[in-house]
There are 2 protein chains.
Amino acid sequence: MRLRQLECFRALMLHGTMTRAAELLGMSQPGISTMIAGLEHETGLTLFLRRGGRLQPTPEAKLFYVEAARALEAAENASRVAAEIRSGRRGHLAVAAYPSISINLLPRLLSQFARNRPDLQIKIITRNSATVRELMSTQQFDLAVAELPLDYPTSHMEVFSYECLCMLPPAHPLAKLKQITPKDLDGVPFVTLFRGDPIYQQLASAFSEAGARWNVVAETEFFSTACQLVAQGRGVGIVDPVVSKPFTEGLTIRAFKPRIQYQIAILSPTHEALSQVAQDFAGVLRRALRG
Amino acid sequence: MRLRQLECFRALMLHGTMTRAAELLGMSQPGISTMIAGLEHETGLTLFLRRGGRLQPTPEAKLFYVEAARALEAAENASRVAAEIRSGRRGHLAVAAYPSISINLLPRLLSQFARNRPDLQIKIITRNSATVRELMSTQQFDLAVAELPLDYPTSHMEVFSYECLCMLPPAHPLAKLKQITPKDLDGVPFVTLFRGDPIYQQLASAFSEAGARWNVVAETEFFSTACQLVAQGRGVGIVDPVVSKPFTEGLTIRAFKPRIQYQIAILSPTHEALSQVAQDFAGVLRRALRG
DNA sequence: TGCCCATTATAGCTTAATCGTATAGTCGCC
DNA sequence: GGCGACTATACGATTAAGCTATAATGGGCA
């Protein structure tokens, strides 16, 4: 049984004559005739009585029509869904990410991405980087963004390295400098990430090597929190140039030497294939993270 | 999009490799390969990644699979339903009939007919012959059986004519005769159909022409009622030889002269086509009514 | 590294299905 | 009886389906 036969059958049932059905399907009347003859032969049903050169649907045709129409609709639906999948209107995109990025940048990018993909189901899960990595290995997400280093570097990773910038409260005297060093910050109240963070360690080394006193007045878990404290004048701090950019509105940003490195990575599943939507969004994300 | 493509796709999704899918569908591996390539081209989806000579379904394939399987099942269901319709296992058979036949003969025939058509929906409506004819003209029934004559003889009719027989209570003295005439029944208590019935009129003429006294002691609407009265010894009567046969168990049946004619007809719709089941049952009915 | 094995892809061919044009047949209707 | 509307058949061209043979790919293993 071929779909084309069912299509002809439906058109014929709906429009009564082969001639009209043919017009509607954009084919010739003999085409319909042979299609219907084939369908009748294959099903073993007499679907139409030929009375006086006209067709009259039999009761069998009416019974069969119900199922034929259902099957056709299912096939047409499959076609439509294929088009939706192709255009990214249907599907899902689950992204796991560490907090700083999932607060602002990621949802902004995702909602923009989803704007012309109305039926795309979106999921953002925020966890710390270690958990994000775990989630990726259990294959529950299409993409993830985590901070490096990871205990078990795994998955397909695309690494982005940033040099952190120094942020100063508005109208801070050091704003006159183009570039700030630990020496400039000797004893200056400083807001930093927690002790366990690579940023903390790098800063500690930088200050000690420069022989400057690192006056830590606050430790935070996220850059965004640190930014808020700096904005309130609690002290100066450092921040990455891309992910945290949305939080530094109104702050003075200066280069910092020596280089404090901040690395994050886009993780994708190892064994699973990446969906087209996910690939597309990975592209968006990549462009955004490149700055 | 062709059903065969979906079939190959499903087999491939379920069995992982083209080679196995091909075995399962009884075709060659290159056949599957080209089918899948065609499906991918038509849908515009990359359904499988070719990784190291192996196939790995993409997330798109998994999404599309749901719809593809649904469409396939609908098509397979349509095929199955066609087979059911052809074998008469699916469908309906609505028969309208006048009382005498719908009490015994018709349900007996119908239930036997339906024995190997388990899902056939059966309907029997019992009305007097005039109403039966009305119902047929409104096309609500596949077949009907009515007594003649009808006010407006219509529909397609197949007429059955019977010569009525004389029925005597058990151990009646007239049982010794091979054939009974009005003369034999001069003054004998007689059970007949109502005054309006053709049978009544024919009997009245027969008795008056023979110069015999017709001693009507009971009038009934149906042969079956008359039979019951005769069985109780209320009198003799006459009955048709086929439809009322089930009611004359234990009665003595003799030929009656002159001939009293009883006519019934199978009616079928004029404009509607007769379903195959209905045609088949009409055949059964025809054979039964021919005696 | 090089060979074997399992798998998929491509090429070339045959057969079947599809569909158009041309044409014949059927029937109602005026 | 001829016209009009419709369906069926014949025939040819194009396309799809499916086969066999064979190339290509890559993992596993000595």
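Every chain is numbered from 1 and lettered A, B, ... according to where its sequence line falls, protein lines coming before strand lines.
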Scan the side chains in residues 76-84 of chain B for donor-acceptor partners under 3.5 Å anywhere in the protein, sequence neighbours excluded, and list what turns up.
{"residue": "B/E76", "atom": "OE2", "partner": "B/R10", "partner atom": "NH2", "Å": "2.7"}
{"residue": "B/N77", "atom": "OD1", "partner": "B/R80", "partner atom": "NH1", "Å": "3.3"}
{"residue": "B/N77", "atom": "OD1", "partner": "B/R80", "partner atom": "NH2", "Å": "2.7"}
{"residue": "B/N77", "atom": "ND2", "partner": "A/E67", "partner atom": "OE1", "Å": "2.7"}
{"residue": "B/E84", "atom": "OE1", "partner": "B/R90", "partner atom": "NE", "Å": "2.9"}
{"residue": "B/E84", "atom": "OE1", "partner": "B/R90", "partner atom": "NH2", "Å": "3.4"}

Only pairs under 3.5 Å count here: list side-chain donor-acceptor contacts from residues 25-34 of chain A, not counting sequence neighbours, and write none if there are none.
{"residue": "A/S28", "atom": "OG", "partner": "A/G31", "partner atom": "N", "Å": "3.3"}
{"residue": "A/T34", "atom": "OG1", "partner": "A/P30", "partner atom": "O", "Å": "3.2"}
{"residue": "A/T34", "atom": "OG1", "partner": "A/G31", "partner atom": "O", "Å": "2.9"}

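For DNA chain D, the outermost nucleotides in 5' to 3' order that have an atom under 4.0 Å from a heavy atom of chain B are D/dA16 to D/dG26.
With sequence neighbours left out, B/F113 forms a ring pair (Phe, Tyr, Trp, His ring centres under 6.0 Å) with B/F281. The side-chain hydrogen bond (donor to acceptor under 3.5 Å, both in side chains) check on B/E23 picks up nothing, with sequence neighbours excluded. B/Q5 is linked by a side chain to side chain contact (heavy atoms under 4.5 Å, CB included) to B/M1, B/R2, B/M35, B/L39, B/E42, counting only residues two or more places apart in sequence or in another chain. Take A/Y262 and apply the ring pair (Phe, Tyr, Trp, His ring centres under 6.0 Å) test, not counting sequence neighbours, and it matches A/F223. Partners of A/T17 by side-chain hydrogen bond (donor to acceptor under 3.5 Å, both in side chains), not counting sequence neighbours: none found.
The separation between B/F48 atom CZ and C/dT8 atom P is 10 Å, rounded to whole Å. When rounded to the nearest whole Å, the span between CG of B/L49 and C1' of C/dT8 equals 14 Å. Rounding to whole angstrom units, CG of residue B/L12 and C1' of C/dA9 are separated by 14 Å.
Nearest-nucleotide assignment on DNA chain D puts the 5′-proximal partner with A/R50, out of A/R50 and B/I32.
Applying the ring-ring contact (aromatic ring centres under 6.0 Å, His included) rule to pairs touching residues 67-97 of chain A yields nothing, sequence neighbours excluded. Each ring-ring contact (aromatic ring centres under 6.0 Å, His included) pair with one or both residues in residues 59-80 of chain A, not counting sequence neighbours, appears once here: A/F9-A/F64.
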Contact list (N/O, under 3.5 angstrom) for nucleotides 16-22 of chain C vs protein:
{"residue": "C/dT18", "atom": "OP1", "partner": "A/R2", "partner atom": "NE", "Å": "2.7"}
{"residue": "C/dC19", "atom": "OP1", "partner": "A/R4", "partner atom": "NH1", "Å": "2.9"}
{"residue": "C/dG20", "atom": "OP2", "partner": "A/S28", "partner atom": "N", "Å": "2.7"}
{"residue": "C/dG20", "atom": "OP2", "partner": "A/S28", "partner atom": "OG", "Å": "2.7"}

Please list, for nucleotides 3-5 of chain C, all pairs of protein and nucleotide N/O atoms separated by less than 3.5 Å.
none

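Using a 4.0 Å cut-off, no side-chain N or O of B/S33 falls inside it from OP1 or OP2 of C/dT8.
Here the CE atom belonging to B/M136 is positioned 6.5 Å from the CG atom belonging to B/L143, to the nearest 0.5 angstrom.
Note on A/L55: only backbone sugar-phosphate atoms sit closer than 4.0 angstrom, heavy atoms only; bases stay farther off.
Under 4.0 Å is where a charged nitrogen must lie from a carboxylate oxygen, and between A/E40 and A/R50 at least one such pair does.
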